[in-house]
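Letters A, B, ... mirror the listed sequences (proteins, then strands); counts begin at 1. A quick note: this is a predicted structure, and the numbers were derived from the prediction, not measured.
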There are 2 protein chains.
Amino acid sequence: MDTSPTRSLPRALRQVPGRPSPTLEDLALAAGVSRSTASRAINGGDRVSPEAQAAVDRAVLALGYIPNRAARSLVTRRTSSIALVIPEPDVRVMMDPFFAVVITGITEALRETDVQLVLLMSRTNDDSARTLRYLRGGHVDGAIVVSHHESDSWARSLAETGLPTIFIGRPWDMQADVTYVDTDNEGGGRLAARHLAGIGRRHLATVAGPADMTAAVDRLRGWTSGLAAAGLPAGPVVHADFTTEGAAAAARRLLAEHPDIDGIFAASDLMALGVMEAIQAAGKTVPGDIALMGYDNHAVAETASTPLTTITQPMVEMAVKAGTMLLEEIEAPGSHPEPVIYSTELVERASTSVAPTASAANA
Amino acid sequence: MDTSPTRSLPRALRQVPGRPSPTLEDLALAAGVSRSTASRAINGGDRVSPEAQAAVDRAVLALGYIPNRAARSLVTRRTSSIALVIPEPDVRVMMDPFFAVVITGITEALRETDVQLVLLMSRTNDDSARTLRYLRGGHVDGAIVVSHHESDSWARSLAETGLPTIFIGRPWDMQADVTYVDTDNEGGGRLAARHLAGIGRRHLATVAGPADMTAAVDRLRGWTSGLAAAGLPAGPVVHADFTTEGAAAAARRLLAEHPDIDGIFAASDLMALGVMEAIQAAGKTVPGDIALMGYDNHAVAETASTPLTTITQPMVEMAVKAGTMLLEEIEAPGSHPEPVIYSTELVERASTSVAPTASAANA
DNA sequence: AGTCCCGGTGGGAGCGCTCTCACTCTGTGC
DNA sequence: GCACAGAGTGAGAGCGCTCCCACCGGGACT
């Protein structure tokens, strides 16, 4: 393969190594057409004769031609790449399967295109500024922002730049009329209330998420309206930070102050785990004494010592949708698509079974 | 839109339809210098008088100048981006916290640079070909490949292209003399053997990982040599696929065929969970009847019903190292750095405590 | 004095691509 | 017969940047 006498000569100049990759000019020459025709043939072959097209195709194969993206980008003003913006990703946040799903989904949406995914994570405010500069700088054709409490400023700033942007999860600041995809958190909360009421529980409480996250707020709103619809009182509400530990602490308080509770809705499965811990520590059982529900249909919901009834949401679809929507908006700027909301479903498991607790899970 | 006299950023007149972003030419004009001088001032200011530098700096701020990456890239042959290659990422694989750690680590290494991370995931063979083409195409300055059984071909192909590449996890094909970072899996396996022998267990077995993954093979080799060093017989070895279910099945076989086993080393925490299931299903206890070890120090190791003794490895550091090594190699091509191996440590928990089992974990 | 060097500078030549435009060469309509 | 459309083509002009090189001065040598 490498016939050059000095294989250990990685000359400072990168282009030196033997074969400088063929340019469009080379390709045209090899195909016996002009650069213009070669270019047309490569880009979808509009107004190209079959013969010319075939000649170019052959030459591409023969030369192993790969278009230079930078050169193309320079004139088209397109980069064929989009950014996934993840604000403040400490490792713990990144661990959340949510991101794996989002990344997988977006990648899926990008599969048939040659658009690349650039990961932009900003840990500090400083980073945020850099990230924003990067986005404004025209380095990507669009962006998907994983929304959460900190992302408000993003919504505004990005909307101002005119860069096509899709948010995953409804952002706080709706002024900026951003496009987003989300799941029906409110509906999910309502489902939870209806279910617990439906199995005859009457003293219901919830461990809600942080009040500055739309998902948490929406779930709580749904829960509250669901209780009302079932003719039940609003019941106690405590907030936690979506972590197991935080929820455990919150649940301990809850149980101490309201010993008659017979049903709890935790706004995430991870939190439900903490709640379960607290319940058991208080000497009570799930679902015997207290029926418990989670949210997310996280893997742990199924493998928990008492498998959790939970709310499932089509996260992959949502992520894919975000990707395709962004591609569409890039293709046809100015079209301001409506937000897409995915509906949620109840997944029933042992933690709300009517029968007395029975320490399930043996295969 | 909204007429609010927002206190937002200095009137972003950037991407507004008619307003083309300022070019270097504009900048030079505004600064009262030549394009060349402006360019020099922007790129580290070598051979630029303080006055000129200051003038350019001022102009940058005033105009909100952002260099056009494509143009720069076209001439420098550098893209200021690197790829993270993840072969065959079904969602399940992506869920592995490992990737979160890798991504976070690399991002960390890239923080102070303006290098961007491009995510390349190839699900199918078809994708692999495209990914490879992308990498060869000079679209990135280097690549980090998350190694595992499928990555052999990658090692070869990439080494051939001369693209600076770092593998995370020792690749199979060492011919290609690739650079990699890894943890000392062999040492970890040895640690496990020594520990179980040390607490007096004599009938030891292991549930190893797939025989086509270097990490699994190395851990097994270490385990075997550790047993020998402790003067113990090799003991039974079964292979599983690093999943909980697979390990449970393997462990059932193991226990059925070797009822006298009193210690098991599972080559991952997830597998250890499956093994624990099988042990309990067989009516035995951990660690009372059988001491159990995992590997990875995965979050589940700590939260398991009986917390797992396991092997911990500095994964974040490893990922950061991969990033910095790649940057170095990009900077100074041809330097073929030695592989870096991170040592592992034992984390002792209840699953190997000498005292009889006591269903731990209440705060 | 002359020569050299060297920090500082600006002009110009591209990097590899797309795109406009002018051109040729059919085929069609009058 | 001529004009005209329209498909197919190629030359040329950049896109915004870096880098080479020629240039200009003034201080340090010969």
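- Partners of A:D127 under the salt bridge (charged side-chain N to carboxylate O under 4.0 Å, His left out) rule, at least two apart in sequence or in another chain, are B:R111.
- When the side-chain hydrogen bond (donor to acceptor under 3.5 Å, both in side chains) test is applied to B:S81, the partners found at least two apart in sequence or on another chain are B:T79.
- Legend: residues meeting side-chain hydrogen bond (donor to acceptor under 3.5 Å, both in side chains) with A:D26, ordered by chain and number and at least two apart, are absent.
- The side-chain hydrogen bond (donor to acceptor under 3.5 Å, both in side chains) check on A:S34 picks up A:T37, with sequence neighbours excluded.
- Using a 4.0 Å cutoff on non-hydrogen atoms, the parts of residues 30-40 of chain B near DNA chain C are B:V33, B:S34, B:R35, B:S36, B:T37, B:R40, ordered by number.
- Residues forming a salt bridge (charged side-chain N to carboxylate O under 4.0 Å, His left out) with B:E25 (at least two apart in sequence, or on another chain): B:R35.
- Every residue two or more places apart in sequence or in another chain was checked for a ring pair (Phe, Tyr, Trp, His ring centres under 6.0 Å) with A:F99, and none qualifies.
- With sequence neighbours excluded, no residue forms a side-chain hydrogen bond (donor to acceptor under 3.5 Å, both in side chains) with A:E317.
- For DNA chain C, the residues of residues 66-73 of chain A within the heavy-atom distance limit of 4.0 Å (strictly under) are A:P67, A:N68, A:A71, A:R72, sorted by number.
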If you restrict it to nitrogen or oxygen atoms, what contacts under 3.5 Å exist between nucleotides 22-25 of chain C and the protein, and what is each distance?
none

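- Over its full length, the helix from C:dT3-D:dA28 to C:dC30-D:dG1 turns its helical axis through 50°, comparing axes from the five pairs at each end and rounding to 10°.
- Listed nucleotides C:dC17, D:dC17, D:dT9 differ in distance to A:Y65; the shortest reach to its side chain belongs to C:dC17.
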Could you tabulate the donor-acceptor pairs under 3.5 Å formed by side-chain atoms of residues 59-74 of chain A, not counting sequence neighbours?
residue	atom	partner	partner atom	Å
A:N68	OD1	A:A70	N	2.7
A:N68	OD1	A:A71	N	3.0
A:R69	NH2	A:S80	O	3.0
A:R69	NH2	A:D114	O	2.7
A:R72	NH2	A:N43	OD1	3.3
A:S73	OG	A:R78	O	2.8

